[in-house]
K.L.:
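Before anything else, here's the structure in question.
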Amino acid sequence: MPDPKGDPGAARRRAERRVGLAKLWARAKQILTTDPTGRDEDDAVVEAAAAEALTAEARELHGALAKVAQLAAYDPGAAFGDALELERGARADAGARLGALWDGAAAVGADLVERVIVEELGASPAELFAAFERAPLAAASLGQVHAARGHDGREYVVKVQYPGIAAALEADLAETRLARRLAGAHLGEQLDEATLAALREAVQREVDYEQEAGALTAFARIWASEPTLQFPEVDAARSARRVLTMTRARGATLVEVAAATGARADSVRAAAASAIFRFTWGSPLAHAVLNTDPNPGNFLVEDRGEEVVVWCLDFGSTLPLPPAVVEAERRLWWGLTEEDSQDAAEKFRMALAELGLLGRADALSSDAHRDWERALAAPFQGGAAFRYDVAYARRLATTTARALATGGLRLTSRTLLLWRQRLAAVAVLGLLGAEVPSRRILRELIGTGRRALR
């Protein structure tokens, strides 16, 4: 929320200092009491302390710092991403704390929520709905969600933006260091100013709920023939720039699905992961639209017995992709799924150059670049399903970071958001730890690129 003294960024800067001090104190305590050896276990203690501090601060501040914390909770390249390796106690605790921020930030009071609704829609919740829950269902970085029931008996959720958050977010994004953190730790340090500007623009779109309503409707339309993907329906009459009313989706969170046990749980995870893969790869490659923020809190999984449905929920940051980018991207993935390895490598690397992803031609033979290519290609080799897990998500993030750091790979304003989304989607799939027939699904979405013989 904005600082009461008039500087929207002051409270956030104080919070960042407190997070840094928490890490410093945890390390100092180790030195004095446990003689740290530099092992992963020692790092986990520091990460857990920082996660606890970051969670506490982000819960109160909302805005960009909360979005950094959300990213850190699931992205292996972000500050606390290793926390998702659930068999490691301290890291799991850090991830659990940060993961609560997907929908558990501090809520604002009901009176403030009602004021925003009246200002935007010209009527109170009591006039607009037969019932409106004053306590929110969820609270996130930029707004919170309330359950409601219409006069026709339909169930809705009403997303209400925090007062003043648009100005606070704009002030946060003006700081280059924070904008880089929003790209993810593995991407942010390598970006030029033009690419950072594209990231800022995408994040700022999230405070325009009219844009989000249009994007939600558009995504529902393009996926209308896919039964495994479902989307809430926008109630346009009760929506505006800072209020978005949608039909209510029901289902389990990805954290709940990941923690479930038993044979049915395995099949639910596999079906959910395949649907999320279809959505996150198919939207840009098959339909030329990108939802840039596939964090775990944006999906619900509904087990209907005979079928599993994934509800896709948040479309605050979306954009169309230029035809040239989509066509080159398709050629890149056609190369990765090509059976002839020599032909595949040529197609893939030509597409890299066309997209501007190839920083230096001499880097193609470097270990860093080859490691990245192997990691990227792994889910698409052969006919078997590929198991996405935290180890693979970390491998892809770290090899991408190395390829960027050595200059062989680069991200431009045309490609940053697409590849940021892709790495985040892999992290989400890694959370589920399920097998996905990635190669088969991708070919269903975009074909093989081969021309039919006449």
Side-chain angles (χ1 to χ4, degrees), residues 67 71 75 77 173 176 179-206 208 211 214-215 218-219 222 279-294 315-337 346-361 363-364 368-369 372-373 375-377 396-397 399-427 442 445-446 449:
K67 297 194 75 63
L71 179 67
D75 184 345
L173 291 174
T176 299
R180 290 187 185 279
R181 289 172 67 187
L182 280 169
H186 47 287
L187 301 182
E189 294 307 314
Q190 314 300 327
L191 304 181
D192 60 25
E193 284 303 318
T195 310
L196 279 176
L199 176 61
R200 288 186 177 102
E201 181 181 355
V203 174
Q204 285 177 317
R205 287 167 66 87
E206 295 190 43
D208 183 353
Q211 178 277 138
F219 273 84
I222 65 175
F279 173 70
T280 51
W281 260 257
S283 293
L285 292 175
H287 301 290
V289 289
L290 179 68
N291 181 16
T292 70
D293 185 24
F315 295 86
S317 180
T318 64
L319 68 158
L321 294 175
V325 170
V326 175
E327 186 60 30
E329 275 280 330
R330 287 177 179 170
R331 284 196 285 275
L332 185 150
W333 292 99
W334 286 333
L336 283 184
T337 59
E346 183 179 357
K347 286 181 179 178
F348 176 79
R349 291 171 175 177
M350 287 181 65
L352 279 182
E354 187 176 351
L355 284 163
L357 289 168
L358 187 60
R360 298 196 325 266
L364 291 172
H369 190 86
W372 173 71
E373 283 193 7
L376 188 65
L396 184 59
T399 55
T400 302
R402 283 187 62 207
L404 286 166
T406 56
L409 185 67
R410 68 182 177 189
L411 292 171
T412 68
S413 56
R414 292 200 313 161
T415 56
L416 165 66
L417 294 171
L418 180 56
W419 283 83
R420 176 180 181 263
Q421 178 259 15
R422 198 160 277 151
L423 291 171
V426 168
L442 190 57
L445 290 166
I446 62 171

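Only a predicted model underlies this, so the values are computations on that prediction, with no experimental measurement involved.
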K.L.:
Would you compute the distance between atom CZ of Phe348 and atom CG of Leu364 and round it to the nearest 0.5 angstrom?
P.N.:
9.5 Å
K.L.:
Can you list every pair that meets salt bridge (Lys or Arg N to Asp or Glu O under 4.0 Å) and has a residue in residues 326-336, with sequence neighbours left out?
P.N.:
Glu327-Arg331, Glu329-Arg422, Arg331-Glu354
K.L.:
Applying side chain to side chain donor-acceptor pair (under 3.5 Å), can you list everything that pairs with Gln421, at least two apart in sequence or on another chain?
P.N.:
none
K.L.:
Please evaluate residues Asn291 and Leu319 with respect to the criterion side-chain contact (heavy atoms from CB on, under 4.5 Å), reporting the C-alpha separation (whole Å), side-chain torsions for both, the decisive distance (0.1 Å), and the verdict.
P.N.:
CA-CA 7 Å; Asn291 181 16; Leu319 68 158; over 6 Å; no
K.L.:
Arg410: what forms a salt bridge (Lys or Arg N to Asp or Glu O under 4.0 Å) with it, not counting sequence neighbours?
P.N.:
none
K.L.:
Go through the structure and list residues passing side chain to side chain donor-acceptor pair (under 3.5 Å) with Arg205, not counting sequence neighbours.
P.N.:
Gln211
K.L.:
Just to verify, what does Glu201 make a side chain to side chain contact (heavy atoms under 4.5 Å, CB included) with, not counting sequence neighbours?
P.N.:
none
K.L.:
Residues in side chain to side chain contact (heavy atoms under 4.5 Å, CB included) with Ser317, at least two apart?
P.N.:
Ala202, Glu206, Thr292
K.L.:
What pairs with Arg349 under salt bridge (Lys or Arg N to Asp or Glu O under 4.0 Å), at least two apart in sequence or on another chain?
P.N.:
Glu373
K.L.:
Out of curiosity, Leu442 CG to Trp333 CH2, how far, rounded to the nearest 0.5 Å?
P.N.:
7.0 Å
K.L.:
Suppose we screen for side chain to side chain donor-acceptor pair (under 3.5 Å). Which residues come up paired with Thr415, at least two apart in sequence or across chains?
P.N.:
Thr412
K.L.:
First locate atom CG of Leu423, then atom CG of Leu376, and finally report the distance between them rounded to the nearest 0.5 Å.
P.N.:
8.5 Å
K.L.:
With sequence neighbours excluded, tell me which residues meet side chain to side chain contact (heavy atoms under 4.5 Å, CB included) with Ala198.
P.N.:
Ser413
